[in-house]
2 protein chains.
Amino acid sequence: MDKKFDKFINNFRVLIKDLGLKNSTQREIILKALFHSKAHLSAEELSTLIKKEYDSSIGIATVYRVLSFLEDHKVVSSINIGNANSKAYEINPSDHHDHIVCTKCKKVLEFFNPDLEKLQVEIANKNGFKLIDHDMILYGICAGCKK
Amino acid sequence: MDKKFDKFINNFRVLIKDLGLKNSTQREIILKALFHSKAHLSAEELSTLIKKEYDSSIGIATVYRVLSFLEDHKVVSSINIGNANSKAYEINPSDHHDHIVCTKCKKVLEFFNPDLEKLQVEIANKNGFKLIDHDMILYGICAGCKK
DNA sequence: GTCCGTGCAAAACGTTTGCACGGAG
DNA sequence: CTCCGTGCAAACGTTTTGCACGGAC
């Protein structure tokens, strides 16, 4: 039932070994918690969730350190939603996508649009840039909140 | 020589009056400093600039309060660049645009692409959203840094 | 036995707020 | 004269860091 996560965590263990570093229970718990949460969580939210559902002894400093480490190695990624003062993390999806946020209920949807990706490269080129990455968040009112 | 700013500040005074509020030297200095800076500045950077070049007695709380007030009234706007922990402000351009940032030299260019705007509305509609706004930042290596 | 990763607490940031005062209307 | 906007300092929420310890290799 957890085959997807097993595969994911195995890849992670290989990464750790390749880097010549050491793994830890904490890192795996943090990944597990994030992997099984559909939401985009801030470090604090993730820490609270972990304390409640997994292991209450994991300190928040570790959550920050691990998330930062994971982001450096592209295992997770973060977005800055609207005026929020903290980043929201998710497992880095193998398939790239962007986000659309409902300004009323704060729900976050993901989407991928190939035309958009193509257009971004064109725009970068036109400005003399070699495109590396992009952040893109759309804000609107979702179907449910429109009523 | 400062006709553009004069016009801008006059519009601002009308806005203040329309709101039934009071103007202040501080607000005008903050606007002046931001208006004449081409860069996208954080509240702290703007405060430092103002202390050095305009009036050392303007407190940082005022800068935050004024920027927040100005953003609420669409006089300025802010973006969250990459991993920075603070927002970067600019005078709200009458013409909407997005940003492309050089990850090496941190230079910020502005661009506008009508196809992109159209595409965003389409994407929102496809997901059942009524589009209100968007954040979009491209990251790449600029022409100068490519060499 | 080495170090790396951790937990804790303190520090460091960026930002907001309570308060009394001064200045614009 | 009335409030609004300000400066100051304290408070706040988020993130980072120094340190000694424990655990992975």
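Chain identifiers are assigned alphabetically (A, B, ...) following the order of the sequence lines, protein sequences preceding nucleic acid strands; residue numbering begins at 1 within each chain.
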query = Base, sugar-phosphate, or nothing: which does A:Ser57 touch, judged by heavy atoms less than 4.0 Å apart?
reply = sugar-phosphate
message = Can you tell me which nucleotide in C:dT15, C:dG18, D:dG5 comes closest to the side chain of B:Ser86?
response = C:dT15
message = Can you see if the side chain of B:Ser24 gets near the phosphate of D:dT6 - specifically, an N or O under 4.0 Å from OP1 or OP2?
response = yes
key: Any B:Val14 side-chain heavy atom under 4.5 Å of B:Asn10 side chain   = no
remark   = A:Arg65 has its side chain closest, among D:dA24, D:dT15, D:dT17, to D:dT17
key: Closest to side chain of B:Tyr64, choosing from C:dG14, D:dT2, D:dG23   = C:dG14
query = Base, sugar-phosphate, or nothing for B:Ile60, non-hydrogen atoms under 4.0 angstrom?
reply = nothing
query = Is the shortest side-chain N/O distance from B:Gln26 to OP1 or OP2 of D:dG7 below 4.0 Å?
reply = yes
ask   = Hey, which of these two, B:Val63 or B:Lys22, hits DNA chain D nearer its 5' end, going by closest nucleotide?
value = B:Lys22
query = OP1, OP2 of D:dG7 versus side-chain N and O of B:Thr62: anything below 4.0 Å?
reply = yes
request  = Among C:dG5, C:dG23, C:dT15, find the nucleotide with the atom closest to the side chain of B:Glu44.
outcome  = C:dT15
request  = Measure from NZ on B:Lys87 to C1' on D:dT14 and round the result to the nearest Å.
outcome  = 14 Å
ask   = When you measure from the side chain of A:Val66, which nucleotide among D:dG7, C:dT6, D:dT15 comes out closest?
value = C:dT6
ask   = DNA chain C: B:Leu21 or A:Gly20, which has the more 5' nearest nucleotide?
value = A:Gly20
query = Do other residues, nucleotides or ligands put more than 12 heavy atoms under 6.0 Å from A:Lys130 NZ?
reply = no
request  = Measure from CG on B:Asn23 to C1' on D:dT6 and round the result to the nearest Å.
outcome  = 13 Å
